[in-house]
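Shown next, in structure tokens, is the structure this report addresses.
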Amino acid sequence: MSHYAEVPAARKRIPGEIRGDLLDDDVWPEEPAAGETAARFDASALPTIFVGATLARELGLQEDSLVMVVDPGSSFDAASEPESQYYRVAGIFQAGFQEYDSRLVYVHIKELQRFKYRGRDQVSGVDLRLQHLDLAPQVGASIRAALPGREYQVLEWQNLNENLFKSIRLQKNIITVILSLVITVATFNVLSALWTMVVRRTNDVAILMSMGATGPQVARIFQVTGMAIGLSGAAAGVLFGLVLCWLVSLYGYTLDPEVYFIEELPVEFSLAQIGWILGMTLAICFVATLPPSLRAAKLRPVEGLRYE
């Protein structure tokens, strides 16, 4: 840049203007060698910057690299020269969120105020971190009430990533529907097994009823049998799911950050969701035990012992 500044003003290219008298004898400065540019700067005196991992990979940056940051200004006026500043890459961070790793850089706030706001003690936004994430809407409402009529915008983390959370919520609802359908189909196996048992055990049911067993007692036998089958299947499924989640949390499961915004599948164990799945499974299994148990309860002992 200093080499270009030494060139006479008449030999610099003026946007939108072609100098006819300079077409023949216009001599542009030679590009400096690769090592000369870095040699002009004292890297230890430059301000430091931290770059996201994806952005650093795209720009070919590594630790102690020199990078120029350009501020085009708020008006983007061609007449005003944009501000620029060289920084030394002090480190590369990886937040695990593609949007941050590919777009964000971090510098000291005083350095940013010097470069962006010409030394004024000014910021473009303030982030608040709460111990309880669920209190964000209440805190946001309190801040809005404390700043009436002022040109401030308050965004909670739910609104800041609204599209992302909507897609996650939609996927979660779809998975819930699919899981319910799978459980419903599985309960038909319980229903068919109990129905076959009632047909094959007609004589035994007749003997029990002839010995004094009532219809509700016979129905309860088949209901307990069906619930035992459903409970064992649900417990085995939950155990398999917990083992699978434990393996994923132990060894990790990589994702494409271009599609899912994150690089690794997060795993969270929720006792409430596990209990909800068990309760829904047992409820569907109980409904599946009603038809065969009612048929067994209505069986007459004479019909069961007719051919004995």
Residue pairs fulfilling side-chain hydrogen bond (donor to acceptor under 3.5 Å, both in side chains) with at least one residue in residues 59-68, sequence neighbours excluded: D64-R88
For residues 50-60, dump all side-chain donor-acceptor pairs below 3.5 Å to protein atoms at least two apart in sequence or in another chain.
none

If we only count heavy atoms from C-beta on, is the [X] to [Y] side-chain gap below 4.5 Å?
{"X": "L244", "Y": "W246", "answer": "no"}
{"X": "V67", "Y": "V89", "answer": "yes"}
{"X": "R144", "Y": "V154", "answer": "yes"}
{"X": "S124", "Y": "Y117", "answer": "yes"}

Among residues at least two apart in sequence or on other chains, which ones pass side-chain contact (heavy atoms from CB on, under 4.5 Å) with [X]?
{"X": "V70", "result": "M68, P82, S84"}
{"X": "R200", "result": "T196"}
{"X": "L255", "result": "Y253, Y260, I262, L265"}
{"X": "T214", "result": "P216, Q217"}

Show me, pair by pair, the donor-acceptor contacts under 3.5 angstrom made by side chains of residues 162-174, not counting sequence neighbours?
| from | atom 1 | to | atom 2 | distance (Å) |
| --- | --- | --- | --- | --- |
| E162 | OE2 | K166 | NZ | 3.4 |
| S167 | OG | N163 | O | 3.4 |
| S167 | OG | L164 | O | 2.6 |
| N173 | ND2 | R169 | O | 3.2 |

Under 3.5 Å donor-acceptor, D71 side chain and E83 backbone: no
Side-chain (W157) to main-chain (L133) donor-acceptor, under 3.5 angstrom: yes
Indicate every side-chain donor-acceptor pair of residues 279-292 with a distance under 3.5 Å to a residue at least two apart or in another chain.
| from | atom 1 | to | atom 2 | distance (Å) |
| --- | --- | --- | --- | --- |
| T281 | OG1 | I277 | O | 2.8 |
| T289 | OG1 | F286 | O | 2.6 |

Partner residues of Q158 under the side-chain hydrogen bond (donor to acceptor under 3.5 Å, both in side chains) criterion, sequence neighbours left out: none
Pairing residues for Q85 by the side-chain hydrogen bond (donor to acceptor under 3.5 Å, both in side chains) criterion, not counting sequence neighbours: R114
More than 12 heavy atoms from other groups under 6.0 Å of CD1 on I109: no
Enclosure of R103 CZ (heavy-atom neighbours >12, cutoff 6.0 Å): no
Would you tabulate the side-chain donor-acceptor contacts of residues 221-239 under 3.5 Å, counting partners in other chains and residues two or more places apart, or write 'none'?
| from | atom 1 | to | atom 2 | distance (Å) |
| --- | --- | --- | --- | --- |
| T225 | OG1 | I221 | O | 2.8 |
| S232 | OG | A228 | O | 3.1 |
| S232 | OG | I229 | O | 2.8 |

Closest non-hydrogen atom pair between G215 and A297, with its separation: O-CB, 3.3 Å
Heavy-atom closest contact (Q122 atom, Q113 atom, distance): O-NE2, 3.2 Å
Qualifying salt bridge (Lys or Arg N to Asp or Glu O under 4.0 Å) pairs, either residue in residues 121-138, two or more places apart: none
L299: which of V218, V198, T202 passes side chain to side chain contact (heavy atoms under 4.5 Å, CB included): T202
